[in-house]
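Let me begin by presenting the structure, written as structure tokens, before commenting on it.
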Amino acid sequence: MTTFLRPGQQAAAAFGLAFDVDRDASGAAPAAVFNKNERLAISDQRQRLPIYAHRTELLYLVETHATTVVVGETGSGKTTQIPQYLHEAGWTQGDKMIACTQPRRVAAMTVATRVAEEMGCRLGQQVGYSIRFEDVSTPEVTKVRFCTDGVLLREMMSDPLLLKYSVVMVDEAHERSLATDVLLGLLKKIQRRRPDLRVIISSATIEAEKMARFFDTSNVRRPRGHAEVTQEGAAPSRSPALMSVEGRTHNVQIHYLEAAVDNYLQVAVETSVAIHKEDLPGDILIFLTGQDECEAGKLVKLLEEEGRRLQRSRLKWRLQPMALYAGLPAPHQLAAFDAAPRGVRKVVVSTNIAETSVTLEGIVYVIDSCFAKQRCYNPLTGLESLLIAPISKASAQQRAGRAGRVRPGHCLRLCTEADYEEKLPATTVPEMQRSDLAGTVLQLKSLGIDNVMTFEWLAPPPAETMIRALETLHALGALDGDVRLARPIGLQMAELPLDPVLARMLLAAGEMGCTAEALTVVAMLSVQSIWAGGGRREVDEAKARFAVAEGDLVSYLNVWRAWEESKRSKKWAVANHVMHRSLLRAADIRSQLQAHLRRLGFKQASALEGATSFDHDQELDTVRKALAAGMFINAARLTEETQVKLADQSDTGAAIYRLVRSAGGDAAAVKLRIHHSSVLFRCRPAWVCFYAAEQNDTGWYEMRDVLAIESGWLTELAGHVYRMVPLNPQMRR
DNA sequence: CGGATAGGG
């Protein structure tokens with residue numbers, strides 16, 4: 001029997017499932033209905049936000065403390081109001097600006113738009129934003145600037161002390177994105193040199209104490225020569241201030257399963273149907289782990305079937321399931337945001353894109369699988385894994401909160417309360433501790449931080465990861481023998497807004513006279529999958545039209561050329577199952593990088609253009625070598641083994657590869673195969689390089705974006721990493 | 001036999 005609370009009711013409805021009411025759920029008083037104030041004048045609206053009552057306190061704390069940590073719950077108004085308060089209080093006088101960083105581009109844009117409206121100015125005047133490819137601000141005029149944390153990091157390369165700014169507010173710091181963590185570490189460092197700078201960190205409760213402790217330097221002696229007293233008077237306290245602002249959300253009742261289940265998809269469907277049959281109106285949001293679970297014949301399909309069955313039973317309300325994930329084409333994504341028509345209950349089946357990146361209105365029920373795919377990095381193999389893992393309690397709370405935006409809601413967690421308490425970690429491991437840090441280390445080095453091992457991190461990454469990053473950068477030629485930034489290569493690589501492997505490819509192409517081709521490949525590797533979803537057969541057929549034996553990277557050149565020949569036509573893209581959106585973004589990236597290369601003094605050249613078919617192979621080899629000059633880091637060799645045939649599965653015949661580098665240890669044990677999405681799947685080139693390999697749930701490492709190479713190129717291009725060894729007769733093929 | 005999510009003057 002299910003016990004399942006309805007709003008304002010103790011009685012339980014009978015469902016076929018066993019949900020246990022969490023009696024400890026916070027019983028906060030119901031808050032005022034959000035956005036009731038829509039028609040009020042803007043100044044009245046601003047004064048009704050919870051943060052308004054804390055305005056004086058906040059300004060006092062910022063005045064007197066180098067760092068202020070603000071815990072502002074959803075709906076408190078912190079993001080839009082704090083920058084305005086600071087502006088009104090005079091923090092933007094004397095040519096100084098206020099920066100407010102966001103982890104996502106859309107957030108920077110939308111918040112800036114809202115604040116410009118509140119301040120009664122045109123966007124890009126007093127209030128602006130800056131994200132990659134789009135700087136909507138005016139020098140000398142813009143006072144409040146919203147930007148992504150990545151943009152502010154880039155800005156530090158030309159303005160290391162952020163002298164343009166009097167205050168930097170880091171919003172959503174609890175999300176602990178890689179860029180946020182790096183920024184926080186650098187801000188702490190800057191504070192030593194700039195006692196006048198104020199840092200405001202906005203964070204959820206759970207991370208607030210940690211942030212405050214990190215920025216507390218009250219016990220640290222200032223370096224000699226740095227006065228404790230600034231020209232304006234007493235320096236601010238070096239103990240951070242902490243401030244909390246209540247939010248405006250509704251109570252969300254939490255429910256757990258009474259017994260663990262093994263098929264949470266089935267349970268999610270049954271729960272949706274149960275809610276639908278028995279409960280009050282309100283849309284449902286289901287959190288699952290991936291695209292395939294959300295769509296491909298799984299949950300949405302099951303729900304559709306159930307919906308039809310319900311309709312036959314003459315239920316007044318209709319059930320309308322729809323998938324939501326990042327890879328979904330924009331028009332389909334928008335469908336999830338449309339309000340359901342009368343008599344229709346929306347069931348949005350989503351990946352964790354709906355946890356932080358987008359907000360859906362009208363959700364009253366959240367069904368949470370309590371799982372998500374998580375990226376991890378293994379510094380010993382230098383490869384990443386994408387594994388399904390339990391989410392953290394912090395994530396689960398965030399997901400639950402999605403049910404309380406319009407009125408009191410419910411969150412049904414598809415695990416037992418005991419499992420929730422025992423198996424879910426309190427917080428998610430910060431990205432900093434599960435990523436490849438080669439790019440981050442290079443950026444820090446270029447900012448003059450030579451000893452990255454002693455850099456003060458909010459969460460120190462594993463030492464092995466740092467060592468691996470230094471090794472990678474050294475192999476790529478970005479660092480010299482003393483692990484110092486190599487000039488000019490290291491500096492040039494840091495300048496390029498790219499992964500170090502891709503940056504090295506571009507520089508090599510500059511030397512080898514094929515920047516045109518390398519720019520195309522690098523741009524296309526920088527966007528998420530070029531290929532459109534939909535029928536796999538169609539996509540495979542489309543792919544086959546561009547496929548060449550040299551691999552995916554060279555195939556991308558074919559796609560690009562055909563798209564260019566069609567005059568960048570959208571019709572062409574649709575007909576060829578290529579995502580037009582991705583190509584347009586690749587085109588943006590390509591021209592940005594082209595400008596960078598030009599500034600670095602590289603001559604633009606194409607190896608293939610004008611090449612006759614007679615010398616084509618040779619010219620193509622030049623391009624492949626330039627690409628391999630970065631990708632040699634990830635080289636793999638075909639072995640004689642093939643994938644073992646399993647009893648209940650047909651033999652896929654996938655060939656097994658092994659990493660070429662590091663003859664011993666973990667790297668040598670790694671078995672790789674070519675990912676199904678590669679044009680080289682089923683092909684067996686003896687030597688390959690790959691841009692990315694991921695371990696999947698079955699334990700296999702699968703190589704994506706593969707380039708076939710000649711074995712001799714490794715020693716030719718990276719003699720400092722690879723050397724010729726006599727062939728072992730047993731290994732040869 | 002198949003890609004969670006963000007991000008870069």
Side-chain angles (χ1 to χ4, degrees), chain A residues 101-108 130-135 137 147-159 164 172 175-183 287-296 324-328 350-358 369 371-376 384-389 391 395 428 431 435 439-440 442-443 494-500 502-503 526-531 533 536-537 539-540 543 579 585 588-589 592-593 595-596 599 643 649-654 673-678 681-682 692-694 696-698 700 702 704-705:
Chain A
T101 71
Q102 298 291 325
R104 278 168 293 280
R105 303 155 54 94
V106 266
S130 184
I131 59 179
R132 191 179 190 183
F133 304 129
E134 240 182 296
D135 182 6
S137 63
C147 60
T148 51
D149 33 28
V151 163
L152 198 66
L153 277 180
R154 281 277 144 192
E155 213 171 299
M156 291 180 76
M157 291 179 70
S158 58
D159 181 9
K164 282 208 234 19
E172 314 285 359
E175 286 187 23
R176 307 294 306 273
S177 74
L178 191 55
T180 299
D181 267 25
V182 176
L183 184 61
F287 282 105
L288 299 178
T289 64
Q291 176 178 325
D292 60 326
E293 268 183 4
C294 294
E295 190 192 33
L324 178 64
Y325 48 86
L328 200 65
S350 173
T351 61
N352 52 8
I353 187 174
E355 187 180 312
T356 50
S357 305
V358 301
S369 67
F371 283 100
K373 285 196 186 175
Q374 270 214 341
R375 191 178 285 286
C376 327
E384 287 179 328
S385 312
L386 201 56
L387 302 173
I388 293 174
I391 59 170
S395 270
T428 310
E431 240 181 353
S435 311
T440 301
L442 182 61
Q443 208 171 354
E495 190 106 335
L496 295 166
L498 283 173
D499 175 302
L502 299 183
S526 301
V527 297
Q528 272 174 347
S529 177
I530 290 291
W531 305 105
R536 284 185 181 171
R537 255 231 332 257
V539 177
D540 285 348
K543 220 180 272 184
M579 285 216 270
R585 184 159 171 87
D588 275 345
I589 293 174
Q592 188 190 35
L593 295 173
H596 274 287
R599 228 198 26 234
Q643 187 181 341
Q649 268 178 8
S650 59
D651 188 353
T652 61
R673 61 185 188 194
I674 296 177
H675 192 277
H676 188 93
S677 64
S678 168
F681 183 72
R682 289 197 196 291
E694 262 167 12
N696 61 22
D697 324 318
T698 62
W700 276 96
E702 294 184 319
R704 265 187 244 208
D705 296 317

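Letters A, B, ... mirror the listed sequences (proteins, then strands); counts begin at 1. Basis for what follows: all heavy atoms, side chains included, without hydrogens, waters or symmetry-related copies.
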Base, sugar-phosphate, or nothing: which does A:Ser529 touch, judged by heavy atoms less than 4.0 Å apart? base
Sugar-phosphate, base or nothing in reach of A:Arg105, heavy atoms under 4.0 Å: sugar-phosphate
Under 4.0 Å, counting only non-hydrogen atoms across every strand here, what does A:Leu386 touch: a base, just sugar-phosphate, or nothing? base
Are OP1 or OP2 of B:dG9 and a side-chain N or O of A:His596 less than 4.0 angstrom apart? no
A:Lys543 NZ to B:dG3 C1', straight-line distance once rounded to whole Å: 10 Å
Sugar-phosphate, base or nothing in reach of A:Arg104, heavy atoms under 4.0 Å: sugar-phosphate
A:Asp135 has an atom CG; how far is it from atom P of B:dG9, in whole Å? 10 Å
Where the side chain of A:Thr148 meets the backbone of A:Arg105, is there a donor-acceptor pair that is under 3.5 Å apart? no
Run the salt-bridge test on A:Glu431 and A:Arg176 with the 4.0 Å N-O cut-off and return the result as yes or no. no
Between A:Phe133 and A:Arg585, is any pair of side-chain heavy atoms under 4.5 Å apart? yes
Any donor-acceptor pair, under 3.5 Å, between the side chain of A:Ser677 and the base of B:dG3, if you only look at N and O atoms? no
Residue list, side-chain contact (heavy atoms from CB on, under 4.5 Å) with A:Leu183, at least two apart or on another chain: A:Thr101, A:Asp149, A:Leu152, A:Leu153, A:Met156, A:Val170, A:Leu187
Over all strands shown, is A:Ala179 touching base, sugar-phosphate only, or nothing at heavy-atom distances under 4.0 angstrom? nothing
What's A:Leu178 touching, base or sugar-phosphate or nothing? Going by heavy atoms closer than 4.0 Å. nothing
Separation of B:dG3 atom C1' from A:Phe681 atom CZ, nearest Å, is 15 Å
If you define the side chain from C-beta out and look only at heavy atoms, does anything of A:Arg704 sit under 4.5 Å from A:Ile674? no
Whichever of A:Arg154 and A:Ala326 has its nearest DNA chain B nucleotide further upstream toward 5': A:Ala326
Tell me whether the OP1 or OP2 atom of B:dG8 has a side-chain N or O from A:Thr148 closer than 4.0 Å. yes
Rounded to whole Å, CG of A:Asn352 lies from P of B:dG3 at a distance of 16 Å
A:Lys373 NZ to B:dG2 P, in whole Å, measures 10 Å
Which whole-number value in Å describes the distance from A:Gln592 CD to B:dG7 P? 14 Å
What I want to find out is whether A:Glu495 reaches A:Arg599 closely enough, with some N-O distance under 4.0 Å, to be called a salt bridge. yes
B:dA6 phosphate, OP1 or OP2: any side-chain N/O from A:Ser177 under 4.0 angstrom? no
To the nearest Å, how far apart are A:Ile589 CD1 and B:dG8 P? 9 Å
Any base atoms under 4.0 Å from A:Glu355, or only sugar-phosphate, or nothing? Heavy atoms, all strands. nothing
Below 4.0 Å: OP1/OP2 of B:dG8 and any side-chain N or O of A:Arg132: no
Whole angstrom value for the distance that separates C1' of B:dG7 from CE of A:Met157: 15 Å
Can you figure out which of B:dA6, B:dG8, B:dG3 approaches the side chain of A:Pro497 most closely? B:dG8
Base, sugar-phosphate or nothing for A:Asp499? Non-hydrogen atoms, less than 4.0 Å. base
